[in-house]
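Have a look at the structure below, then the notes.
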Amino acid sequence: MQEVKYSPPSNLHFLSLPGDRLAAAWNQVFNNGARFAIPVIVGSTIAFLEAAYRASIRTTQVKTIFGLTNGKQLVIATFATFAALPYSAISVTPVIYRLKGVNTDAEEARSKGGVFFVSDVAVKRDTEAWGKKNAARAVLFATSFVLGLAAI
């Protein structure tokens, strides 16, 4: 099987690949990102909680550029980071299961020498939806980053 080469994930839906090949390319991108996404979310949440605790026990509370105390702002940053987990479970996971299912079925059909038919439109639609949902997660991370940075 020829390995699919691709540019950044956001360009996956522009590729003129058949649905089964697009699902295989998406699967490679997903597996590479999945290795570090959850540890980053958990690590960031713990770091923000620790920073919020340390800020809350200071004797002097300083207001940030957003008008909140450091501790309150870091708690909000913690929730913005942690919100990526339930958002992923509710919104992103169904799309992931559909794309992984297409990829698994296509691999099984190829290994048995069979032919696999899939709706190219459906795979492209799911790939685009996955990209948009990941962009929404990125907004949560950017929010927590800005709040955390401004609180320091």
Side-chain angles (χ1 to χ4, degrees), residues 1 3-15 17 19-108 118-152:
M1 180 170 114
E3 184 176 349
V4 178
K5 298 292 181 187
Y6 50 86
S7 54
S10 60
N11 291 334
L12 275 177
H13 67 277
F14 293 115
L15 297 176
L17 293 173
D20 60 331
R21 297 292 181 180
L22 182 57
W26 170 86
N27 194 53
Q28 289 176 352
V29 171
F30 176 78
N31 288 337
N32 288 336
R35 283 187 222 136
F36 68 89
I38 292 178
V40 165
I41 293 169
V42 172
S44 297
T45 300
I46 291 169
F48 278 130
L49 282 173
E50 173 69 18
Y53 170 74
R54 289 178 182 266
S56 69
I57 61 172
R58 288 185 189 153
T59 54
T60 58
Q61 293 294 314
V62 179
K63 297 274 185 176
T64 67
I65 61 172
F66 298 110
L68 301 168
T69 63
N70 291 6
K72 286 180 183 176
Q73 190 162 315
L74 288 166
V75 168
I76 294 169
T78 301
F79 284 119
T81 302
F82 185 74
L85 290 176
Y87 172 77
S88 297
I90 294 167
S91 179
V92 183
T93 302
V95 176
I96 291 170
Y97 282 142
R98 284 194 302 270
L99 288 168
K100 282 220 169 267
V102 168
N103 185 56
T104 302
D105 293 346
E107 284 178 354
E108 286 176 4
V118 64
S119 168
D120 295 348
V121 173
V123 172
K124 287 181 182 181
R125 184 191 66 231
D126 281 345
T127 305
E128 289 173 356
W130 179 77
K132 289 175 185 173
K133 291 171 188 284
N134 274 312
R137 273 197 298 205
V139 168
L140 291 171
F141 291 131
T143 300
S144 64
F145 174 77
V146 168
L147 288 173
L149 191 61
I152 296 175

Exercise. Residues in side chain to side chain donor-acceptor pair (under 3.5 Å) with E50, at least two apart?
Worked result: R54
For this session: Calculate, to the nearest 0.5 Å, the distance between atoms OG and CZ belonging to S119 and R125 respectively.
Result: 7.0 Å
Exercise. Can you name the closest pair of heavy atoms from A80 and T143 and give their distance?
Worked result: CB-CG2, 4.3 Å
Exercise. In terms of heavy-atom contacts, does CZ of F30 have more than 12 from other residues, nucleotides or ligands at under 6.0 Å?
Worked result: yes
Exercise. Can you find a heavy atom in the side chain of N31 that is under 4.5 Å from one in the side chain of K100?
Worked result: yes
Problem set entry | Minimum heavy-atom distance between A55 and L74, given as atom pair plus value | CB-CD1, 4.1 Å
Exercise. Are side-chain N/O atoms of Q28 and N32 paired as donor and acceptor at under 3.5 Å?
Worked result: no
For this session: Check for a donor-acceptor pair, side chain of T64 on one end and backbone N or O of N70 on the other, with a separation under 3.5 Å.
Result: no
Exercise. Between the main-chain N or O of L99 and the side-chain N or O of N103, is there a donor-acceptor pair closer than 3.5 Å?
Worked result: no
Exercise. Taking all atoms of both residues into account, what is the closest heavy-atom pair of V92 and K133, and its distance?
Worked result: CG2-CB, 3.7 Å
Seminar exercise, completed: dist L85:CG -> T45:OG1 (nearest 0.5 Å) comes out at 6.5 Å
Exercise. Looking only at heavy atoms, what is the nearest atom pair of V123 and G19, with distance?
Worked result: CG1-O, 3.4 Å
Exercise. CH2 of W130 to OG1 of T93: how many Å apart, nearest 0.5 Å?
Worked result: 12.5 Å
Problem set entry | Backbone of A23 reached by a side-chain donor or acceptor of N27 within 3.5 Å | no
Exercise. Does CZ in F66 sit with more than 12 non-hydrogen atoms of other residues, nucleotides or ligands closer than 6.0 Å?
Worked result: yes
For this session: Start with the C-alpha distance between W26 and I96, add both sets of side-chain angles, then the distance that settles side-chain contact (heavy atoms from CB on, under 4.5 Å), and finish with yes or no.
Result: CA-CA 10 Å; W26 170 86; I96 291 170; 3.9 Å; yes
For this session: Any chance you could measure N134, atom CG, to Y87, atom OH, to the nearest 0.5 Å?
Result: 8.0 Å
Seminar exercise, completed: Nearest heavy-atom approach of S88 to R137 is OG-NH1, 2.6 Å
Problem set entry | Short side-chain to backbone donor-acceptor contact, S144 and F141, under 3.5 Å | yes
Problem set entry | For the student: nearest non-hydrogen atoms of L68 and Q73, plus distance | CB-OE1, 4.1 Å
